[in-house]
Amino acid sequence: MFVPVSSAPTFKDFTLIMPAISVGNVGQLAVDLIISTLNLNTVGYIHTASLIPMIGNNPYATSDETSTELSTNAEVYSLPEIKLAVLQIRSPILQTKYRQFQNLILTWIKTSEFSKAIILSSSHAYQRDDRQLLGTPLRYLLTPAMQSIVGDNLQMMNWKKMEKIAVSPEISSTRQHLYIPGGGITKQLYNVCCSEGIPLAVLLVFCSEGDNMPDAFVLINYLNEWLHLVENACDQSSNWKIPCSWRLLFGSGIPPALF
């Protein structure tokens with residue numbers, strides 16, 4: 001359930017952005033950039049037994065004082081001026097708790113009366129279909145409820161919808177399904193939002209495990225084309241403020257005592 005840090009905020013008609021725990025943690029890195037750049041305030045957290053417990057220092061600290069603040073595995077940030085709420089998830093979903101976490105998020109979206117929700121996700125580049133090998137590595141999905149809100153705007157921006165692929169190479173191509181390998185809860189959440197009539201968009205990038213910071217910039221600039229969270233610049237990576245926590249994405253430096 002959602003637990004506010006002080007007085008309960010209102011999310012009516014807000015846009016919700018959240019990551020999927022997916023390959024390369026690209027969605028989470030992209031959400032980091034949103035929170036750090038827009039200087040969002042923490043308004044609460046999601047209390048659930050579906051995520052691996054975690055606590056740590058403030059990943060967006062800007063001074064010694066703020067660096068001692070604590071963060072949890074699922075925190076909610078907000079910027080009321082532009083009606084934006086952001087959920088950052090920092091630990092994996094327990095294997096046996098996927099359905100429970102999915103239902104928790106759906107209930108929260110409904111009761112909070114968000115106008116729309118956006119999932120930032122990723123998928124294994126090595127498992128792409130032949131049609132997905134050429135052109136942009138970015139894809140999107142819209143539920144019918146979101147399609148009625150967005151209309152043809154994304155097609156006019158030349159975005160590519162996530163392709164469905166054949167269930168099996170041996171089976172006729174008329175039998176196709178949505179396949180997002182490495183996408184975590186993305187597909188399940190999208191399917192249930194379709195059936196529940198929830199306005200949801202999925203933005204994802206094909207990538208591989210490794211240094212996924214460049215993929216995060218690609219994905220967040222993709223989102224920015226649509227929502228215009230920040231002003232565009234010639235060097236799009238300069239639009240975003242990298243949080244201090246990224247300095248330790250690959251651990252600390254090599255101890256000099258080893259040499």
Side-chain angles (χ1 to χ4, degrees), residues 15-40 42 51 54 56-62 71 73-77 79 84-93 117-128 132 135-141 154 157 159-160 162 180-187 189-190 200-251:
T15 295
L16 171 67
I17 299 174
M18 62 173 286
I21 312 301
S22 53
V23 56
N25 304 107
V26 177
Q28 294 158 290
L29 294 173
V31 166
D32 267 351
L33 291 171
I34 296 172
I35 296 169
S36 180
T37 302
L38 300 181
N39 195 26
L40 302 187
T42 309
L51 299 172
M54 183 231 87
N57 291 95
N58 181 4
Y60 315 114
T62 55
S71 62
N73 55 5
E75 289 188 303
V76 180
Y77 300 80
L79 187 59
L84 177 68
V86 176
L87 167 62
Q88 177 60 298
I89 303 171
R90 299 190 176 96
S91 67
I93 305 170
I118 300 171
I119 297 178
L120 302 181
S121 185
S122 51
S123 184
H124 284 300
Y126 73 89
Q127 289 189 275
R128 284 175 291 178
Q132 298 167 339
T136 177
L138 297 158
R139 294 293 188 275
Y140 77 91
L141 287 166
L154 302 188
M157 294 162 58
W159 283 21
K160 295 190 71 172
M162 186 68 173
I180 310 177
I185 201 173
T186 304
K187 179 181 174 181
L189 203 53
Y190 169 76
L200 175 87
V202 175
L203 306 188
L204 65 83
V205 60
F206 295 116
C207 65
S208 301
E209 292 280 2
D211 180 359
N212 294 104
M213 287 187 283
D215 299 305
F217 280 110
V218 169
L219 185 59
I220 197 61
N221 285 321
Y222 188 47
L223 173 67
N224 196 52
E225 285 183 40
W226 177 20
L227 298 187
H228 306 291
L229 298 174
V230 299
E231 292 295 328
N232 286 323
C234 294
D235 177 12
Q236 291 189 328
S237 62
S238 67
N239 294 343
W240 307 99
K241 179 182 176 184
I242 296 175
C244 61
S245 54
W246 283 26
R247 293 178 302 192
L248 298 176
L249 276 179
F250 301 102

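Computed over heavy atoms, backbone and side chain alike; hydrogens, waters and symmetry mates excluded. Counting begins at 1 with the first residue of the sequence. If you're wondering where the values come from, they're calculated on a predicted model, not measured in any experiment.
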Discussion item. As a quick check of understanding, evaluate side chain to side chain contact (heavy atoms under 4.5 Å, CB included) for I17 and L223, giving each step before the final call.
Written reply: CA-CA 10 Å; I17 299 174; L223 173 67; 3.9 Å; yes

Worksheet item: Do I180 and L141 pass the side chain to side chain contact (heavy atoms under 4.5 Å, CB included) test, and can you show the C-alpha distance, the side-chain angles, and the key distance before you say yes or no?
Response: CA-CA 11 Å; I180 310 177; L141 287 166; 4.0 Å; yes

Worksheet entry | Verdict with reasoning, M18 to V31, per side chain to side chain contact (heavy atoms under 4.5 Å, CB included) | CA-CA 7 Å; M18 62 173 286; V31 166; over 6 Å; no

Item to complete: Report the C-alpha separation of V205 and S122 in whole Å, then their side-chain angles, then the decisive distance to 0.1 Å, and conclude whether the side chain to side chain contact (heavy atoms under 4.5 Å, CB included) test is met.
Response: CA-CA 5 Å; V205 60; S122 51; 4.2 Å; yes

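Summarising the geometry of P243 relative to L33, their closest heavy-atom pair is CD-CD2, 4.3 Å, with the distance given to 0.1 Å. Closest non-hydrogen pair, Q28 versus P19, comes out as N-CB, 3.5 Å. Considering every non-hydrogen atom in both Y222 and K160, the closest pair reads OH-O, 4.2 Å. In terms of heavy atoms, L29 sits closest to M213 at CD1-N, 4.2 Å. When every heavy atom of K241 is checked against every heavy atom of T62, the shortest pair comes out as NZ-CG2, 3.7 Å.
Tested against N212 for a side chain to side chain contact (heavy atoms under 4.5 Å, CB included), the candidates V26, V23, N25 yield a single pass: V26.
Annotation: the span from S245 atom OG to N57 atom CG amounts to 10.5 Å, rounded to 0.5 Å. Distance check, rounded to the nearest 0.5 Å: CG of L200 to OH of Y190 gives 8.5 Å. Once rounded to the nearest 0.5 Å, the distance linking CD1 of I220 with CG of L227 reads 8.5 Å. Distance check: L120 CG to I34 CD1 gives 5.5 Å after rounding to the nearest 0.5 Å. With rounding to the nearest 0.5 Å, the separation of CZ in R90 from CD in E75 is 4.5 Å. The distance from atom CG of L219 to atom CG of L204, rounded to the nearest 0.5 Å, is 8.0 Å.
Residues that satisfy the side chain to side chain contact (heavy atoms under 4.5 Å, CB included) test with A201, not counting sequence neighbours, are I118, L142, M146, W226. With sequence neighbours excluded, the residues satisfying side chain to side chain contact (heavy atoms under 4.5 Å, CB included) with A125 are R128, F206, S208. Partners of A20 according to the side chain to side chain contact (heavy atoms under 4.5 Å, CB included) rule, which considers only residues two or more places apart in sequence or in another chain, are S22, I119, S121, T186. Partners of S36 by side-chain hydrogen bond (donor to acceptor under 3.5 Å, both in side chains), not counting sequence neighbours: none found. Taking the side chain to side chain contact (heavy atoms under 4.5 Å, CB included) definition, one finds that N73 meets it with L51, M54, S91, sequence neighbours left out. Scored by the ring-ring contact (aromatic ring centres under 6.0 Å, His included) test, Y60 finds Y77 as partners (sequence neighbours excluded).
L40 is listed as a side-chain neighbour of V86, based on a closest heavy-atom distance under 4.5 Å. Side-chain contact between V202 and L189 is absent, with no heavy atoms from C-beta onward closer than 4.5 Å. The shortest distance between side-chain heavy atoms of P137 and D215 does not fall below 4.5 Å. V76 is not listed as a side-chain neighbour of T42, based on a closest heavy-atom distance of 4.5 Å or more. Q132 places a side-chain heavy atom less than 4.5 Å from the side chain of M162. Side-chain contact between L138 and W159 is absent, with no heavy atoms from C-beta onward closer than 4.5 Å. Contact annotation: the side chain of L229 approaches that of L84 to within less than 4.5 Å [non-hydrogen atoms, C-beta and beyond].
Under the 3.5 Å distance criterion, with hydrogens and angles disregarded, no donor-acceptor pair is assigned to the side chains of N239 and E231. Between the side chains of W240 and N221, at least one donor-acceptor pair of N or O atoms lies under 3.5 Å.
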